[in-house]
K.L.:
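The structure is given below, and queries will be raised subsequently.
Small disclaimer: the values here were computed from a predicted structure and weren't measured. Just so we're on the same page: letters track the sequence lines, and every chain starts at 1.
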Amino acid sequence: MKLDLTRNETLVAGVILAFCAIAAVVDPGFLSMPTLTDLLRGGIVLGIFAVGAMLVLVSGGIDVSFTAVAAFAMYTTTLLLVNWAPGLPWWAAFLVAMAIGALLGAFNGLFIAGFGLPTLIVTLGTLSIFRGFLLTFVGSKLISNLPPGMRDFSRLMMVRGTNADGSFYSLPWAFAFLVGVVVVTWTILYRTMLGRAIFAMGGSMESARRIGIPVRATQFFVYVYVGTMAGLAGIIHASMARVANPFDLVGLELSVIAAVVLGGARLAGGYGTLTGTLLGVALIVLVRNSLIVLGIPSTWQSVAIGILILIGTGLPAWQAKRAAARAA
Amino acid sequence: MTAADEPLIVMRGVTKTYAGIRALDGVGFAIREGEAVSLAGENGSGKSTLIKILAGAEEPDEASITVAGESFARLTPRQSAGAGIMVIFQDFSLFPNLSVAENIGFSAELHAGHRLVDRGRVRALAARTLERVGVDIPLDARVETLSVAHKQLVAICRALASDARLIIMDEPTTALTEREVRVLLGIIRRLKADGVAVLFVSHKLAEVLEVCEHVVVLRNGRKVAEGPAGEFDAASLARHMTGRDVAEALPSPLADGAPRLLEVRGLSKAGAFADIGFELHAGEVLGIAGLLGSGRTPLAKALFGLVAPDAGRVTLDGREVPLGDPLAAAAAGIGYVPEDRLTEGLFLTQSILRNVGIGRLEAHAQGPLLDVAGLWREAEEWLRRLAVKAPDPAAPVRSLSGGNQQRVVLARWLARGPRMLLLNGPTVGVDVGSKAEIHGIIRDLAGRGLGVVVISDDLPELLATCHRILVMKEGRITDDLPGTATSEADLAHRLAS
Ligand SMILES: Nc1ncnc2c1ncn2[C@@H]1O[C@H](COP(=O)(O)OP(=O)(O)OP(=O)(O)O)[C@@H](O)[C@H]1O
Ligand SMILES: [Mg+2]
C-alpha cells in the first residue's frame, strides 16, 4: 500500500511508532508484555466509547452524552443486581446495562430524529439530565461490593503470564468485547445498506432525504446504538474497576471525541474509519500511560494530548490543501 | 396498469407557498410514456419546486398527482422512487464523501430493497451506466474530488442506473460541453424509444426544442403556455417565459489605443496548460473557448492564484502579480467567479446580503467598526442592478432559485470594483432574459474600462460579448480570433477539429 501522508491514520501510526521508539530508548523495559497488556486494557472502555462516538460523527451528528449514559447504565444495573438479583450471571448484567443504555439512547434519538433538534444541544442537555437523575434519584454512593456475577467476569483472563523480571501481566476477557464491538460495527458500516446510509447522511443530509433514505429511522438507530455501546462500556468499566462509582466516566467524553477526530473522523460528518479511531484511542492511552516513563509530569498529559490533536488534525488538512493546489 | 392512451403522470392544481411567496400556483399538466416534456421558465419561476414535489423532496400545499393510475395528494421520496420517478437535481444532490460507484448505485440498491452491500454488483452497475453515458470516471474516486462536469455526469448516471418510468432532469447540462450534451440528448432519444418519459428543464433553448415533443412554460409559478414543441421557436419561447421580446446587442467596438491591462507570458503548468501568452486591454472583453479538459479552467484558476503554475509571469497594470496566491490576486484587482458557484462560491445558509457584502468589509470599515448601513446599501444596490429575484435580502441564499444564486456570486465580485474580472461560465443556469441582461452588464463594465475574461461553452454568448476569442486545445492557445468577424459555425469547427 502506498504511504498517504494526507491520511490521519498514517500520521497517527507514525506518531505512535515514534513515541514507542523514544520510550524504549529512555526505558529499556518499555517494550514488554506488561506495557502491551496495560495499553490494551486501558483501551477497552475508551475504545468501545470511541467506536460509538465515531458512528455518530460519521452520521453527521455528535453525541456528548454517552459517558452519562454509561455511568447511568452501569450504576443502575449494579444497584438492581445487588438489591434484587445478586445471583444473576455476568452476561445477564451486561444485557441489562445494554438495555438501559439503549433506552437512554432512544431518548436522545427521540429528540434528534423525532423532533429534528440539533444533536449537540440535545446531547449536552441529556448529559446533564442523565447524570443529575442518576445522582439525585438512583444513588450517589459508591458500591464496592459488586455482585458475584460481575466479580466473576473481572477474573476471566484471556492471557496471563509472568515476565522475566518476575512481574505479572494479564489481559482480561473484557478485551474480547472491544474486538466484538469493532467487528459488529465494521459489518454494519461497510456491509449493510444501513451503514452506507449512515455515511450518506453524514455526506449530505438533504441528498439522503431526497433519494429516499429513511433518515429519521437511521438517525434513531444511530443514537440507540451508541447508547447500547455506552451501556456495555459502563458495565465493563465497573467490572474491571471492581467498583460502581456513579461519579466515574463523565468527563471522558471530550477525550474520546478527541481520539476519534485524531483518527480522521470529521466533525462535519461523513468521514471516519475504525482503524483511525482505534489508532487514535491507542495514541491517547499510550500518552496517558507512558508520559511518566519519559519523565514528563502527568499534569502535562492534557497539554500533550492537545498538541497531538492540533498536529494530528492540522497536518493532514494542510497537506490536503497543498495537494489540491498542486493538482490544479 | 395504465391504459394505452392514459398519461403516465397527471398533475393538477399543484400549489406551493414558501414563507408567503407563491412558488407554484395551481400548475397542472400531463406526461405520457415515451414523451419528453420541457418545463421552461425564467429563474425563480418554480421549475425546481415542481420537480422537488414530484420527487417527494418538498411537500405541496395542495396537489393531486396521479402516477400510473394511482392518485396521491403528496409523494414521499420512497413513493416517488417506487413509482419509477428518478431525478437529476439542479444541485446534483450527491454524497461528496462517497465513491463514484456508490453514488451511482445508491438509489438503485436502496429501492431494490437490498439490505446488504454487494460492492461487485454496485461497481458493475456503475461501470455499465458510465459506459452508456460514454465517460470515463474512476469508480473509486471520491465525488468531492471531481470537477463540476464530472459531478454532473455522476448525477446523471445515478438517475439512469435505476429502471425508471420517468426521468426528471433539472438543468442537467449546465456544466457539460457540446460532446457530453450530444451524448445525453442521444440517451434521451433512446429512453423515449423504450417508453420512458422525460421531464427536461434547461435554459439552453436549442436543446429543449431538439428533444422535447411538448413544452410547458411557467412564469411566476403559473402555467402561461403549453403545447407541442413544433409550435414554439427560441424567440417565442423566450417571449412566453419573460413576457417580452429578448434581443441581444453586440459588443460596442473597442476604443483605439486602450491601455494594456493584463499581460500573461509563458504561463505553464505540467498536465494542464503550456506556454500561455496573451494580453488584455482596459475595456476589452476577451473570450476563452475550449472543450472540457482543454485547460481553460486551470488557466483561469492560475490567473487568480488558486493553482500555482510552474513557470511564467502575469502583470496587471505593469505590476507583477504574485502567482499561486489568491489573496494577492484579489488585492491586485483580479476578480474570479468560479465555475462551480453553487458549491465553491456561496455561503448557502447565510443571508443574501452577507453573501454580497462579504468581500467589501474592509472598504466599509470605519476605524475598528463597520459601517453596516453603508455595506447593506451597496449590496442592495448590486442586487437591484443584477435583478436578483429575492423577496427578502436577509433570507438565506439557499432559498433562492438556482439562477438567482448565480447572480448573487456575480454581485459579490462586482461590488468589489475589480480592475479585471475572470468569469468562468457567467450565465450557466441563467434564463434567456437575464442572460441578455448579464451580457449587458458585462458590456457595460467593459465600457467603463474594466478588463473582462469570459470562459464559456456557450458560443453565442462568446460572440455576443467578446471583442476577441482565444481557442484553447490540449492546454495551448491555438487561435486568436476577432469576436465580431467570427461565426458560430467557424468557432465550433475550430474547437472540434
Ligand atoms: N427553500 C425555499 N425557501 C424559500 N423560498 C424558496 C425556497 N425554494 C425556492 N424558493 C422560492 O421559490 C421560487 C421558485 O424557485 P425555483 O427554485 O422553483 O425556481 P426555478 O424555476 O427552478 O429557477 P432556476 O431557473 O433559477 O433554477 C423562487 O422565488 C425561490 O426564491
Ligand atoms: Mg431551478
K.L.:
Quick check for you: to the nearest 0.5 Å, what is the distance between A/Arg196 atom CZ and B/Leu110 atom CG?
P.N.:
13.0 Å
K.L.:
With a 4.5 angstrom heavy-atom cut-off, is it the side chain or the backbone of B/Arg142 that approaches chain A, or both, or neither?
P.N.:
side chain
K.L.:
Hey, which residues of residues 207-226 of chain A are touching chain B, say heavy atoms under 4.5 Å apart?
P.N.:
A/Ser207, A/Ala208, A/Arg209, A/Arg210, A/Ile211, A/Gly212, A/Ile213, A/Pro214
K.L.:
Does any N or O in the side chain of B/Asn97 come within less than 3.5 Å of the main-chain N or O of A/Gly202, such that one atom is a donor and the other an acceptor?
P.N.:
no
K.L.:
What are the residues of residues 99-107 of chain B, in order of number, with any heavy atom under 4.5 angstrom from a heavy atom of chain A?
P.N.:
B/Glu102, B/Phe106, B/Ser107
K.L.:
Given the rule in the side chain to side chain contact (heavy atoms under 4.5 Å, CB included) test, do B/Asp91 and A/Glu206 qualify, once you have shown the distances and angles that lead to the verdict?
P.N.:
CA-CA 11 Å; B/Asp91 61 4; A/Glu206 184 59 31; 5.7 Å; no
K.L.:
Sort B/Glu144 into side chain, backbone, both or neither according to what part of it lies under 4.5 angstrom from a heavy atom of chain A.
P.N.:
side chain
K.L.:
Is atom CG of B/Asp163 surrounded by more than 12 heavy atoms (other residues, nucleotides or ligands) closer than 6.0 Å?
P.N.:
no
K.L.:
Using a cut-off of under 4.5 Å on heavy-atom pairs, state which of B/Asp118, B/Thr297, B/Leu116 scores highest against chain A.
P.N.:
B/Leu116
K.L.:
Could you have a look at B/Ser80, B/Gly56, B/Ser93 and say which one has the most heavy-atom pairs with chain A under 4.5 angstrom?
P.N.:
B/Ser93
K.L.:
A/Tyr271: what forms a ring-ring contact (aromatic ring centres under 6.0 Å, His included) with it, not counting sequence neighbours?
P.N.:
none
K.L.:
Any residues in residues 186-193 of chain A near chain B, with a heavy-atom distance under 4.5 Å, and which are they?
P.N.:
A/Tyr190, A/Arg191, A/Thr192, A/Met193
